[in-house]
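If you read the sequence from its start, that first residue is 1, and numbering goes on from there.
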Amino acid sequence: MSDRRLQTPALIHRSAVATPEEALISTKARMVREQYSSTTQGTSLPRPENQYVYKIGIYGWRKRCLYLFVLLMLIILVVNFALTIWILRVMWFNPEGMGLLRVTKEGLRLEGESEFLFPLYAKEIHSREDSSLLLHSSQNVTVNARNSDGDVTGRLSVGPQMVEAQGQSFEINSNSGKMLFSANEQEVVVGADKLRVTGPEGALFEHSVETPLVKAEAFKDLRLESPTRSLSLDAPKGVHIKALAGNIEATSQMNIMLHTSEGMLILDAETVRLPKLPQGTRGVPGNSQGLYEVCVCPDGKLYLSVAGVGSTCHEYSRVCQ
């Protein structure tokens, strides 16, 4: 026993300075001796007091937490798989698209009615050849056009009360490309061959109107009226007023003036009547009472002559020459 105790420090000292390979060999040898001494019968060698037992694996609360985590992951996997199947069934996913939405070479094709909760951006929207395109909204339908900076350059808004278009100009063309209507800040142009106003009150113009022809519908009268101001008809080459199956009537609160700057005024009719001209009475010679006589030249020219007892019109008057 004493020899053994004396050798133990030496072994410890040598193991402290030995190489790792030698330390591993000495450790294995000591373990073999201890096992041998513990299993040998009839020996009185004492066993080491400190014995260490190392358990390999996960035990206790760590093991329970691991099993719980694996179970939770399995439950989440099953729930996700079930939700995926449910979404596929509800959304009608198929190899061609989703539900009524089909993915084709030309783009997306949508059958039936669709509702968009957010803005829709598309290069082109058109309906099928055998049906019309319907845009429906409980409030309004607004179509915006933007430039490269994102600013709105044009807007068309269709609401329950009015249709509003905003832009630099507004233009309507026919199928052949002919301009029918155009409007901008400077002017409004009607390109159609005929503009028809069917309202019972006609058309109201606050300013001047320039047109080559004003014509009423068949069997209806044409009326040009200015209730509180004057009515003026101007043309550089003349104004032609014609009624094929009726009368022409001009009524004014004050004066009616027919004026031509360079030409003549022609009244071409079988009878020209001036029913309300004042007629003088026989009085003192030389007193015309402020009355005048309307005279007609051979070429149709009218002039006034101071009234007298007899006619003061002369066929070869200086006015007629």
Side-chain angles (χ1 to χ4, degrees), residues 180-183 186-321:
L180 300 178
F181 181 84
S182 176
Q186 286 75 26
E187 62 180 0
V188 176
V189 180
V190 179
D193 297 335
K194 181 185 295 184
L195 175 62
R196 176 177 295 179
V197 181
T198 59
E201 299 296 330
L204 175 63
F205 300 96
E206 296 182 358
H207 301 283
S208 61
V209 179
E210 182 178 350
T211 177
L213 176 63
V214 178
K215 182 179 179 181
E217 292 188 45
F219 306 105
K220 291 187 178 181
D221 298 335
L222 175 63
R223 185 175 182 180
L224 302 178
E225 179 181 0
S226 179
T228 58
R229 293 293 184 269
S230 61
L231 179 62
S232 176
L233 301 178
D234 298 330
K237 292 185 179 181
V239 177
H240 187 198
I241 302 175
K242 184 177 182 181
L244 298 178
N247 300 327
I248 296 177
E249 180 180 353
T251 305
S252 175
Q253 182 76 19
M254 299 180 67
N255 300 327
I256 296 178
M257 300 179 61
L258 302 177
H259 174 72
T260 175
S261 58
E262 297 180 358
M264 62 180 64
L265 179 63
I266 299 177
L267 300 177
D268 186 4
E270 294 182 357
T271 303
V272 177
R273 293 181 180 180
L274 302 175
K276 293 186 179 181
L277 285 179
Q279 297 180 1
T281 59
R282 185 181 299 272
V284 180
N287 185 9
S288 62
Q289 301 177 359
L291 300 177
Y292 295 89
E293 185 178 1
V294 179
C295 301
V296 182
C297 296
D299 58 356
K301 185 177 181 180
L302 299 178
Y303 67 95
L304 294 179
S305 178
V306 178
V309 178
S311 176
T312 58
C313 296
H314 301 283
E315 182 178 357
Y316 300 102
S317 175
R318 288 183 303 174
V319 181
C320 298
Q321 293 179 359

So which heavy atom on Ile256 is nearest to which on Ala250, and how close?
CD1-O, 3.4 Å
When rounded to the nearest 0.5 angstrom, what distance separates CD in Gln253 from OG in Ser226?
12.0 Å
Does a sphere of radius 6.0 Å around CD in Glu249 hold more than 12 heavy atoms from other residues, nucleotides or ligands, not counting ones at 6.0 Å or beyond?
no
Starting at OG of Ser230, measure out to CE of Met254 and round the result to the nearest 0.5 Å.
10.5 Å
Tyr303 to Cys313 - nearest heavy-atom pair and separation:
OH-CA, 3.9 Å
Can you tell me how far apart CG (Leu195) and CG (Leu180) are? Round to the nearest 0.5 Å.
11.5 Å
Any side-chain heavy atom of Asp234 sitting closer than 4.5 Å to one from Val239?
no
How many angstroms lie between atom CG of Asn247 and atom CG of Asp221, to the nearest 0.5 angstrom?
9.5 Å
Of all heavy-atom pairs between Leu231 and Leu224, which one has the smallest distance, and what is that distance?
CD2-O, 3.5 Å
Taking every heavy atom of Asn255 against every heavy atom of Ser252, the minimum-distance pair comes out as O-OG, 3.3 Å
Show me the donor-acceptor pairs within less than 3.5 Å that the side chains of residues 207-215 make with the rest of the protein, sequence neighbours left out.
residue: Thr211; atom: OG1; partner: Leu213; partner atom: N; Å: 3.4
residue: Thr211; atom: OG1; partner: Leu213; partner atom: O; Å: 3.1

